[in-house]
Amino acid sequence: MATSLTSGRPNTLGVELPDLPVAPENGPDPVLEPWPSYNPGQFYDEMVGPDGAPRPAAEILWRHFAELGPEALAERQRAADREMRAIGVTFTVYEGTTGVDRPWPFDIIPRVVPADEWHVIESGLVQRLNALNLFIDDVYHDQRSVSSGVVPSELVAGSPNFRRECVGVDPPGGIWAHICGSDLIRDADGTVYVLEDNLRVPSGVSYLLENRMVAKHVFPEMFLHYSIEPVDPYIGRLADLLASVSPAPGDPTIVVLTPGVYNSAYFEHAFLAQQLGVELVEGSDLAVLDDDCVYARTIDGLERVDVIYRRIDDLFLDPEVFRPDSLLGVPGLIRAWRSGRVALVNAPGAGIADDKKVYSYVPDIIRFFLGEEPILATVPTLRCSDLESLEFVRANIGRMVVKPANESGGYGVLVGPQATADQLAHASQQIEDDPKRWVAQPVIPLSTAPTLCAGEVAPRHVDLRPFTLLGPERAYVTRGGLTRVARRKGSLVVNSSQGGGSKDTWVVDTTGPAPSGGPAPAAPPSRGHPGEPIA
Amino acid sequence: MLLARMAEAVYWAGRHLERAEGTARIVQVHTDTHVDLPVGEDVGWEPLLAIVGVHSEFAERYSAAAEAGDTAAAEEDVVEFLLHGDGNASSILSAVAAGRENLRTARPVVPREAWEASNNLWLACSDHMDEVKSRQGRVQWLRRVIAGCQRINGILLGTMSRDEAMSFLSIGQNLERADLTTRVLDVRSESLHSQHGDDPYDVVHWMAVLRSLAAYQPFRRAMPARPQGGATLRFLLQDDRFPRAVSACLTETRSHLKQLARSEAALEACATASMVVASAAVPRLALDGLEEFLDEVQVALDAIHLRIDETYFRPSFVDWHAQSEAS
């Protein structure tokens with residue numbers, strides 16, 4: 001497989017800008033059945049190797065699709081669509097100001113990940129989340145990372161995600177970001193990168209679980225032939241985690257706090273509350289009384305709440321402290337949290353560690369706090385606030401991805417090679433106007449996976465969002481994650497708010513049952529250096 | 001713990017779904033009965049509007065037709081209005097949608113399958129809306145509504161814990177049932193009074209009353225009499241075993257209220273309503289004073305709702321705080 005990773009212009013910043021592989025026209029170099037014209041070209045394909053044969057972990061699935069034939073596959077896709085609609089799995093998109101419920105787009109062809117590769121990723125994610133939590137705790141206490149020069153002081157002081165209300169607070173176990181939804185991508189050479197650490201209110205886990213349920217109904221036979229790691233344990237681990245941070249002894253009262261039925265992730269909030277067997281509350285269901293405790297308005301009067309799994313952004317949590325116009329939050333909530341009378345998951349202020357500028361320092365943060373080499377690779381990131389970087393980005397904007405440092409959901413992202421001249425000029429101007437708002441990265445040619453598009457199976461770009469839980473006692477990573485797929489040919493934007501679809505992700509053990517509690521296996525597929533698993 | 005907001009949502013889910021099923025039955029039976037009556041004996045389609053209580057909304061929407069001299073409300077207009085009409089918040093489709101919306105809010109406290117069934121019902125209703133223009137399509141559509149509601153009820157019965165959420169849902173359902181039964185009696189009796197005792201179609205009318213409440217067969221098994229005024233009234237008001245009889249609905253409501261803390265005021269209102277129903281002087285009522293009597297029952301039912309509302313749904317943090325300070 002000819003990748004062009006070394007062909008980029010080297011420069012003093014150490015950033016390489018390889019030429020993107022070209023998406024092939026279907027045809028000249030057909031690979032084997034079941035989809036004779038399937039050809040991912042120079043991209044890394046999750047199912048098919050460079051020789052056109054299925055990757056070992058996907059072989060059974062590949063053969064099965066060949067036997068099934070295109071019509072049966074299409075019928076199973078329709079069955080899956082019907083089921084998603086019937087069980088009411090939706091997400092909300094905003095068209096102007098009105099939210100519209102859309103059925104959740106699910107592509108039935110699963111993405112297969114070999115278990116030994118997954119174990120490395122798992123250790124890498126736990127390592128990262130441990131380090132990020134140490135960093136957050138440090139930011140709100142001694143700031144050793146600043147005084148030691150690991151991160152510049154303006155990174156902390158100048159961040160819109162720094163919350164002075166959090167200074168000096170000691171959440172249980174020193175953990176701030178308990179739940180992390182990471183975005184993983186794979187380069188043309190197979191390297192897995194962490195692209196984002198979402199530490200505020202990451203969403204998607206309900207879709208991961210529902211995708212699996214529907215996949216079981218669509219391909220029941222596959223679950224007999226394969227040893228596919230289950231995803232269900234997530235809910236139990238989440239329940240344990242929430243209980244473990246309760247400030248009160250005994251059986252804690254746990255609630256999920258939602259902005260309400262009009263929020264784009266309301267489906268997920270209701271799903272999680274239902275699966276956890278806890279109440280789903282809105283801000284108006286809660287109050288903080290004179291004793292600094294949080295109470296819920298129940299049919300029997302006021303009942304104390306111990307743990308809040310909040311799905312409302314920091315700034316809307318407490319109108320007494322943050323945005324005074326917020327009707328979603330609970331006045332006094334931060335007071336209650338600071339006094340240790342209620343646990344908030346994730347803690348306010350955790351977002352300091354997931355903006356895209358901090359991202360570029362994560363490898364150093366891991367080395368500083370853990371004394372280990374990062375297990376997973378981080379995409380080289382240029383901060384436009386740096387003059388040399390700014391010049392470089394402006395000169396090469398057509399070959400880079402430019403991102404606002406503080407947005408999520410794919411908003412405001414410019415993919416240079418796919419932008420028009422106007423868009424490039426506009427972005428260039430925006431960057432010049434306010435350089436510190438922007439970061440830039442080389443374009444990673446995302447890996448592809450076979451996807452049903454208008455009756456044809458074609459390669460489409462994917463990423464992967466696993467979820468990591470970190471409690472005072474233990475860590476857990478979902479086995480696999482939510483695979484998001486860009487449904488438009490050649491598109492690199494996978495966010496569901498931008499029209500992306502999803503796939504079930506099968507972590508498959510091809511070597512037989514792994515020894516329980518065994519160490520992570522040998523060679524990682526990444527450029528990063530292996531470390532000891534933390535979990 | 002049951003949030004006040006969740007309790008209110010399941011209560012209304014119970015009411016709306018019951019209303020959808022009840023209205024569907026009434027329209028269904030009216031369509032069947034209409035076919036049996038000769039022209040002239042026909043009571044028209046307006047009584048349906050009165051039962052659902054949307055006479056004035058209908059008049060507003062269809063005033064153009066009325067002004068053109070078309071006095072009798074046309075079948076298709078009435079049916080369209082009752083099933084899914086614009087401007088009719090009590091249409092079957094609105095009730096199904098509201099039931100689904102409330103179950104969606106209450107997802108954490110109801111079985112997953114119940115929410116899914118209500119979602120399916122709503123999808124099936126809206127997907128097949130264009131079928132209802134023909135009588136035959138309408139029959140299918142109404143059947144779908146009734147079967148969908150029964151499915152939800154079955155899921156709740158078979159899989160939901162008998163917890164507080166279940167109590168609120170059942171109370172909502174039973175109050176709505178009792179209310180619908182009184183409405184059907186109210187409107188039907190009006191059209192029956194205008195006729196003489198020996199009307200050969202009297203039995204047809206009373207059979208229709210029973211059928212629209214799914215009560216015909218239970219009535220036959222329980223009562224020796226022909227379905228005439230007195231016997232029918234006694235059965236639909238005072239029977240304690242037929243689940244849509246007002247008395248039985250109140251018994252159910254009482255047993256669920258007893259499961260809840262602080263239900264004294266609501267229980268008292270429930271006892272008052274039971275007393276009113278038990279005191280009904282049937283069969284004389286069949287001839288005179290039925291309307292006033294049914295009004296009295298409806299007021300008593302509404303009183304139960306108000307007590308529940310002010311005991312469980314309305315109190316604010318301030319109210320609760322004041323209460324705990326006082327005690």
Side-chain angles (χ1 to χ4, degrees), chain A residues 82-90 101 103 206 209-210 213 251-258 260-262 266-291 293-306 309 330-332, chain B residues 1-11 100-124 126-127 161 163-165 167-168 171 257 259-263 266 308-309 311-325 327:
Chain A
R82 280 196 299 272
E83 181 163 346
M84 281 291 174
R85 185 168 187 255
I87 63 180
V89 182
T90 57
D101 271 353
S206 60
L209 298 173
E210 295 286 49
M213 201 184 73
D251 244 357
T253 298
I254 300 167
V255 298
V256 176
L257 174 61
T258 173
V261 71
Y262 298 108
Y266 180 78
F267 166 81
E268 172 152 309
H269 307 159
F271 176 91
L272 288 171
Q274 185 179 47
Q275 294 289 310
L276 291 165
V278 304
E279 288 284 351
L280 178 64
V281 304
E282 294 177 8
S284 59
D285 294 319
L286 299 179
V288 178
L289 302 185
D290 302 339
D291 58 1
C293 293
V294 181
Y295 291 89
R297 195 171 62 91
T298 80
I299 53 163
D300 295 323
L302 303 184
E303 198 165 319
R304 173 138 178 221
V305 172
D306 304 304
Y309 177 14
V330 186
Chain B
M1 164 161 113
L2 180 62
L3 281 187
R5 189 168 52 82
M6 290 290 167
E8 192 171 7
V10 283
Y11 172 83
R100 169 182 179 263
E101 219 33 57
N102 278 296
L103 282 185
R104 181 165 127 119
T105 299
R107 273 183 67 157
V109 300
V110 295
R112 176 184 171 133
E113 287 174 50
W115 144 254
E116 288 176 9
S118 78
N119 184 50
N120 272 312
L121 173 59
W122 183 76
L123 290 171
S126 34
D127 285 353
S161 282
D163 56 9
E164 290 162 322
S167 290
F168 279 101
I171 290 169
L257 282 172
Q259 305 286 316
L260 301 173
R262 302 178 310 107
S263 57
I308 290 171
D309 189 63
T311 308
Y312 299 108
F313 307 154
R314 287 286 80 79
S316 66
F317 285 104
V318 179
D319 297 335
W320 284 117
H321 203 51
Q323 228 177 76
S324 67
E325 301 273 286
S327 68

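Proteins get letters first, then strands, A, B, ... in listed order; numbering begins at 1 in each.
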field: Side chain / backbone / both / neither for E282(A) at chain B, heavy atoms under 4.5 Å
entry: both
- prompt: If we only count heavy atoms from C-beta on, is the T298(A) to L2(B) side-chain gap below 4.5 Å?
  reply: no
query: For the candidates E279(A), H269(A), E303(A), which exhibits the highest count of non-hydrogen atom pairs separated by less than 4.5 Å from chain B?
result: E279(A)
task: List in chain and number order the residues that pass side chain to side chain donor-acceptor pair (under 3.5 Å) with S316(B), two or more places apart in sequence or in another chain; answer none if no residue qualifies.
output: D319(B)
- prompt: L289(A) versus chain B, heavy atoms under 4.5 Å apart: side chain, backbone, both or neither?
  reply: side chain
query: Would D291(A) and R304(A) pass as an ion pair if we require N to O under 4.0 Å?
result: no
query: Between G277(A), S284(A), A287(A), G260(A), which has the largest tally of heavy atom pairs under 4.5 Å with chain B?
result: A287(A)
query: Top residue by heavy-atom pair count (under 4.5 Å) with chain B, among T253(A), T258(A), V281(A)?
result: V281(A)
- request: Specify which of L280(A), D285(A), L302(A), V261(A) makes the most heavy-atom pairs with chain B at under 4.5 Å.
  value: D285(A)
message: For E113(B), which atoms come within 4.5 Å of any heavy atom of chain A: side chain, backbone, both, or neither?
response: neither
task: Check each atom of F271(A) against the heavy atoms of chain B and say whether the ones under 4.5 Å are side chain, backbone, both or neither.
output: both
Side chain, backbone, both or neither of V256(A) within contact of chain B (heavy atoms, under 4.5 Å): neither
R104(B) side chain to F267(A) backbone, donor-acceptor under 3.5 Å: no
task: Please work out which of the three classes, parallel, tilted or perpendicular, describes the rings of Y312(B) and F168(B), given edges at 30° and 60°.
output: perpendicular
query: Looking only at heavy atoms, which two atoms of L3(B) and A296(A) are closest? And how far apart?
result: CD2-CB, 3.9 Å
Residues in side-chain contact (heavy atoms from CB on, under 4.5 Å) contact with S118(B), at least two apart in sequence or another chain: R100(B), L103(B), W115(B), I152(B)
task: Heavy atoms only, distances under 4.5 angstrom: which of R262(B), E8(B), R112(B) has the most pairs with chain A? Name it, please.
output: R112(B)
field: Side chain N119(B), main chain R85(A), donor-acceptor under 3.5 Å
entry: yes
- prompt: Which bit of M6(B) is near chain A, if near means a heavy-atom gap under 4.5 Å: side chain, backbone, both or neither?
  reply: side chain
